[in-house]
Every structure is written in C-alpha cells, then in structure tokens.
Amino acid sequence: LALVSGFYFVQTYKRNFAWKDEFALFSSAVAESPQSAQMRTSLAQSYLQKGMPVEAERQYLEAIRVGWERNPADKEQIANAYGGLGGIYVGRGEYQKGLDAVETGLKIGNFEMKGSAYGIALLHLGRIDEGAQALYQYHQSNPNDEIALDALGVIALSRREYDKAVQYLQRAVKIVPDFGSARNNL
C-alpha cells in the first residue's frame with residue numbers, strides 16, 4: 001500500500017507543474033497528445049497571449065494537419081485554426097492572406113464568428129463598408145475585444161463621429177491600458 005501511495009504521490013507531484021498556467025497545461029497536453037488538433041489550437045492561443053506569434057502559427061498549422069488526419073476530420077478545430085492564422089496574418093500586415101485564412105475556416109467548419117481579423121483585413125483591402133459591417137457584427141457578440149474596439153473607433157473617426165470614436169477608443173484602453181494603437185487614436 002505504501003508503494004502504491006508513493007507512486008501516486010510522485011505522479012501527482014509531477015502533474016501539478018502542468019497546471020501552473022494555461023501555457024504549461026497546453027504544452028503538457030500537446031506533448032502527451034500530439035495528434036490533438038484541439039490541444040494544438042489551445043496551445044497556439046497561449047503562445048499568442050505570450051506574444052509569440054511565430055510559435056502560434058506553427059501550432060495552428062499543426063492543428064490543421066492533425067485535424068485532417070483524424071477520421072472523421074476535426075473540422076471545428078481546423079476552422080478555428082484557420083481563424084487563428086487569419087489573426088496572425090492580419091497582425092503581420094498580410095491582409096489578403098489573413099482574409100483568405102478566415103474565409104477558408106468559414107468554408108470548412110462552423111466556427112462562431114469571423115473575428116476582428118476578418119473586418120480589419122477587409123478595411124485594409126479597401127472594402128471599407130464590408131469591413132465595418134463585419135466589425136460591428138463581431139462587436140455585438142464580443143464587446144470587450146480591444147482590437148475590434150480600436151478599429152471601430154478608427155472607422156468612427158473617419159466618418160467624423162467623434163463622440164462614438166472616443167467611446168470605442170476609451171473602452172479599448174480601459175480593457176488593455178497599454179494598448180498603444182487605441183491610445184494613439186484617442
């Protein structure tokens with residue numbers, strides 16, 4: 001009994017380190033289940049939160065690969081991974097590539113929304129009305145997305161709706177106090 005208890009104590013002790021934070025948890029989960037598109041997508045999101053987009057992109061691409069290898073394919077996670085890639089590409093200024101990634105995700109699976117990357121890509125590609133509409137729709141279900149709020153603030157500024165612009169931008173700064181773009185746009 002002491003031997004069995006000792007074994008479980010050691011296993012529990014080792015596993016506690018995986019629960020330190022989301023990054024550690026999903027890193028551990030991917031190491032244990034490398035064929036899980038869901039764990040790879042979650043790890044990619046953790047990389048993004050740590051400001052590591054190159055690593056996030058690699059995990060999203062792996063999520064797509066392993067998602068297609070499943071039988072049946074894990075279309076939900078594949079679609080989510082394409083949505084995440086779209087955000088990375090838009091963040092790098094690759095607007096057409098970002099738009100293409102999001103649209104690919106929409107065709108493959110049923111992920112909930114296009115996200116702020118879709119609207120921002122449309123704006124930068126000169127499709128202003130479509131981009132604004134996409135951002136307004138996204139904002140309805142994600143009122144605390146600082147990137148969408150910043151973009152909506154810029155749209156309001158361009159339309160000379162200054163009170164509305166200030167509201168969007170102040171809200172973005174309230175959510176993320178050191179968000180430079182929203183601060184500069186104020």
Side-chain angles (χ1 to χ4, degrees), residues 22-23 25-26 36-51 53 56-57 59-60 63-64 67 73-159 161-183 185-186:
E22 282 189 359
F23 181 76
L25 176 64
F26 293 128
S36 171
Q38 183 175 10
M39 290 301 106
R40 288 192 176 276
T41 300
S42 296
L43 180 57
Q45 292 166 349
S46 293
Y47 274 124
L48 285 176
Q49 290 172 350
K50 287 184 157 292
E57 179 181 12
Q59 289 303 320
Y60 281 134
I64 292 166
D74 190 347
K75 291 185 177 183
E76 179 182 345
Q77 291 305 318
I78 295 167
N80 286 336
Y82 273 110
L85 282 174
I88 290 171
Y89 298 148
V90 166
R92 287 198 308 229
E94 299 176 53
Y95 303 112
Q96 187 61 55
K97 193 172 180 180
L99 183 63
D100 292 345
V102 173
E103 288 178 338
T104 298
L106 288 168
K107 290 175 189 170
I108 291 170
N110 186 19
F111 72 104
E112 297 173 8
M113 60 210 71
K114 296 174 183 173
S116 58
Y118 183 76
I120 292 169
L122 289 168
L123 292 175
H124 283 279
L125 293 170
R127 295 163 61 182
I128 307 301
D129 291 335
E130 284 179 83
Q133 183 62 32
L135 285 162
Y136 287 127
Q137 287 177 345
Y138 176 73
H139 175 67
Q140 295 304 309
S141 55
N142 293 278
N144 295 321
D145 183 316
E146 74 280 2
I147 296 169
L149 287 164
D150 182 47
L152 289 169
V154 171
I155 291 167
L157 282 172
S158 72
R159 294 178 175 169
E161 299 170 343
Y162 300 117
D163 290 342
K164 189 184 284 188
V166 168
Q167 288 175 354
Y168 284 131
L169 296 168
Q170 284 179 338
R171 184 135 183 232
V173 170
K174 184 176 181 183
I175 293 166
V176 180
D178 61 346
F179 187 26
S181 179
R183 283 191 168 284
N185 290 326
L186 269 172

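No hydrogens, no waters, no symmetry mates; every other heavy atom, side chains included, goes into these values. This structure is a prediction, so every number in the text was calculated from the model and none was measured.
The minimum heavy-atom distance linking Ala134 with Gly119 is given by the pair CB-CA, 4.0 Å. The heavy-atom pair separating Ile78 from Gly67 by the smallest distance is CD1-C, 3.5 Å. The shortest non-hydrogen separation linking Ala63 to Thr41 is CB-OG1, 3.5 Å. Nearest heavy-atom pair across Leu48 and Pro53 is CD2-CA, 4.0 Å. When all heavy atoms of Arg159 and Asp129 are compared, the closest pair comes out as NH2-OD1, 3.6 Å. For Val102 against Tyr118, the heavy-atom pair with the smallest separation is CG1-CD1, 3.6 Å.
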Practice problem: For Lys174 and Phe179, run side-chain contact (heavy atoms from CB on, under 4.5 Å): C-alpha distance rounded to whole Å, both residues' side-chain angles, the deciding distance at 0.1 Å, then the answer. | Solution: CA-CA 9 Å; Lys174 184 176 181 183; Phe179 187 26; over 6 Å; no
Quiz item: Where do Asn144 and Arg171 land on the side-chain contact (heavy atoms from CB on, under 4.5 Å) test, with the steps shown first?
Solution: CA-CA 8 Å; Asn144 295 321; Arg171 184 135 183 232; 2.8 Å; yes
Practice problem: Output, in order, the C-alpha distance, side-chain angles, deciding distance and verdict of side-chain contact (heavy atoms from CB on, under 4.5 Å) for Gln77 and Asn80. | Solution: CA-CA 5 Å; Gln77 291 305 318; Asn80 286 336; 3.8 Å; yes
Practice problem: Might you work through the side-chain contact (heavy atoms from CB on, under 4.5 Å) test for Val176 and Asp178, ending with a clear yes or no? | Solution: CA-CA 6 Å; Val176 180; Asp178 61 346; 3.3 Å; yes
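For the atom pair Tyr60 OH and Leu43 CG, the distance stands at 9.5 Å (nearest 0.5 Å). From Arg40, atom CZ reaches atom OH of Tyr47 across 9.5 Å, with rounding to the nearest 0.5 Å. A distance of 9.0 Å separates CG of Leu135 from CG of Asp145, quoted to the nearest 0.5 Å. Annotation: the span from Asp74 atom CG to Ser36 atom OG amounts to 7.5 Å, rounded to 0.5 Å. In this structure, CG in Leu152 is found 11.0 Å from OH in Tyr138, a value given to the nearest 0.5 Å.
Residues passing the side chain to side chain contact (heavy atoms under 4.5 Å, CB included) test with Gln96 are Leu99, Asp100, Leu125, sequence neighbours excluded. By the side chain to side chain donor-acceptor pair (under 3.5 Å) test, Gln133 pairs with no residue at all, sequence neighbours left out. With sequence neighbours excluded, the residues that form a side chain to side chain donor-acceptor pair (under 3.5 Å) with Glu57 are Tyr89, Arg92.
Remark: the Ser181 side chain and the Asp150 side chain contain an N/O donor-acceptor pair separated by less than 3.5 Å.
Inter-residue side-chain proximity for Tyr136 and Ile155 is flagged as met; some heavy-atom pair is nearer than 4.5 Å. The closest side-chain heavy-atom distance from Phe26 to Gln59 is not below 4.5 Å.
Checking Leu123, Ile120, Leu85 one by one against Val90, the side chain to side chain contact (heavy atoms under 4.5 Å, CB included) holds for a single residue, Ile120.
Without hydrogens or angle criteria, Arg183 side chain to Pro177 main chain gives a donor-acceptor distance under 3.5 Å.
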